Amino acid sequence: MGRDLILEGFIPFDEVALGHHSFRCLYVGFHPRSRSLIVHDGHAARVYADGRLIYSYEKLGAQPRVAGDTHGAMAWSRDLLFIGGWLKAPPGVLPNGLQDMRSKFSHIHAIDEANRVDLIWWRKWDNKIPPNHWYGEVTDLLYDAHEDAVYFTRADGHAELGLWRIELRERRAEYLAEGTIYKMELKDDKIYATLFNPALMEDSAIVIYNMRDGSVNRVSEFEFALDQGKRIKVRRRGGQIVQLQNRLIAFYAGILVYIQPDKGRYMAFPFLETNNPEDNMPYHVGGVRSQKAYVYGIPLVAFNPWDHLKEPSARADVTLLMRIDAVVPQIMASMGFISGMATDGEYLYLGTSHTNHTGVYTYRSGMGGVFKVPVNKVLSKPLTPVRLWLWDGAYSKEVSGLSGWFGGIPLKGFGKRRLKVRVDRQVELTIAEYSLSGHVRTDNYQLKGGWNVIDLEQYDDIVAFKLSDNAEVSAEVVLEP
């Protein structure tokens, strides 16, 4: 199905001299002039063009240099490809065992058609913040040809977080909006963005920046699609945002926000709303630490596990590659951690690793690779079976999930689909089937104490589940092409 692309001198378990965790971030893009495939190894601080090493961050700090990018910040103009992120040069540990951030940089670089690398902007630690804190990493890039400027977000850190812009002619950075503003999409002279919100310190919201007058608006209250007339506010970790058919679709842990800009409507749907016993939050965040791609105009998003989860693979497929269709998104495959994503029209190029971002400070990097998959495979039926634990533990009809609802599993394309659910006593299960059109239908099932198996083959769209009373619940969905 796919073929590994070999990078010059690339090895598993690379020496990163006290780097950051054991996964591997490999971000990919095609240069707009040379058409070279640029690969940014955001763990080992290296940049490749058509497999050849072209840059090892010699313009910043001192050896050993580690990282580069862990969020997928890449964009391009007519002539340049931009990469952003962060770097430790050199890394270290403080006497109290915390990471030493005094040699940490945030950065934006540009690559020209001759593979020359230019440092556009950087920011280094100073004594205005503690030595274990850092200024916001660059987490997304958006080039605007009208202004010849790069808009960039800084969502991960302790200071200077928000939306920024740098004019390429004068290279002057300007602070536009505050908050953990994360992934961006440009529509109708406005930037729509999610909030990263890693510490759950603010309400999840859609941030709208008006590029014409500089105004900023935040929408943090959403219509709840499964309960007509109800509005909800949540605090969830944020991911990617995409655009399709004059609509925008944003992802938070367990939630899809469907945005109709012309009507000013923001509708929230349960989407992979699962309960992970490690932190009692959903496993997956759509597009976290990952690029997005558009194949024939259809957005592709990787649903990676949330940071620092040690055991997601014990209960759920690690990452789900999903195409975001207009009415019902479709799961294409379960894979390892996906960081990079780009297409040349014939192939989809994926930067992958064996694990997600986990909170272990290591001397060695993890394994990873760049694979290319034929586009016609991605645009067909699902490629692999999928098994997901939806819930495992105490369930409260008042506070669990989203107003008692969990699941939000897209079934499109799968031939066999079953729900296996164990409850400690007899309760009623409601199944809601819905699409992004807003149409919802429900069915009720009586569950006996113990294991129950429900055939979901009568449902074609997205399904979510709700119990009539509190219970101890174990539930998983099994999907086969």
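Computed from a predicted model, the values in this text were never measured in an experiment.
- Separation of atoms CD1 (Ile38) and CD1 (Ile83) is listed at 8.5 Å; rounding is to 0.5 Å.
- The cationic group of Lys124 lies under 6.0 Å from the six-membered ring centre of Phe105 and within 45° of the ring axis, placing it in a cation-pi geometry.
- Residue pairs meeting the salt bridge (charged side-chain N to carboxylate O under 4.0 Å, His left out) criterion with at least one partner in residues 153-165, sequence neighbours excluded, are Arg123-Glu160, Glu147-Arg165, Arg154-Glu160, Asp156-Arg289, Arg165-Glu174.
- Not counting sequence neighbours, the partners of Lys104 by the side chain to side chain donor-acceptor pair (under 3.5 Å) test are Glu137.
- No side-chain donor-acceptor contact under 3.5 Å links Asn217 and Lys190.
- Each of Thr319, Asn276, Leu388, Asn304 was compared with His284 under the side-chain contact (heavy atoms from CB on, under 4.5 Å) criterion, and only Leu388 meets it.
- Put simply, the side chain of Thr352 never gets that close to the backbone of Ile338: no donor and acceptor are under 3.5 Å apart.
- Checking side-chain atoms of Asn356 against main-chain N and O of Phe337 turns up no donor-acceptor pair under 3.5 Å.
- The backbone N or O of Tyr182 lies less than 3.5 Å from a partner atom in the side chain of Thr153, making a donor-acceptor pair.
- Under a 3.5 Å cut-off, the side chain of Tyr57 and the backbone N or O of Ala67 do not form any donor-acceptor pair.
- For the residue pair Tyr135 and Asp126, a side-chain donor N or O sits within less than 3.5 Å of a side-chain acceptor on the partner.
- Note: His40 and His107 have perpendicular aromatic rings, judged against thresholds of 30 and 60 degrees for the angle between ring planes.
- Under the 30°/60° scheme for interplanar angles, the aromatic rings of Phe271 and Phe251 are found to be tilted.
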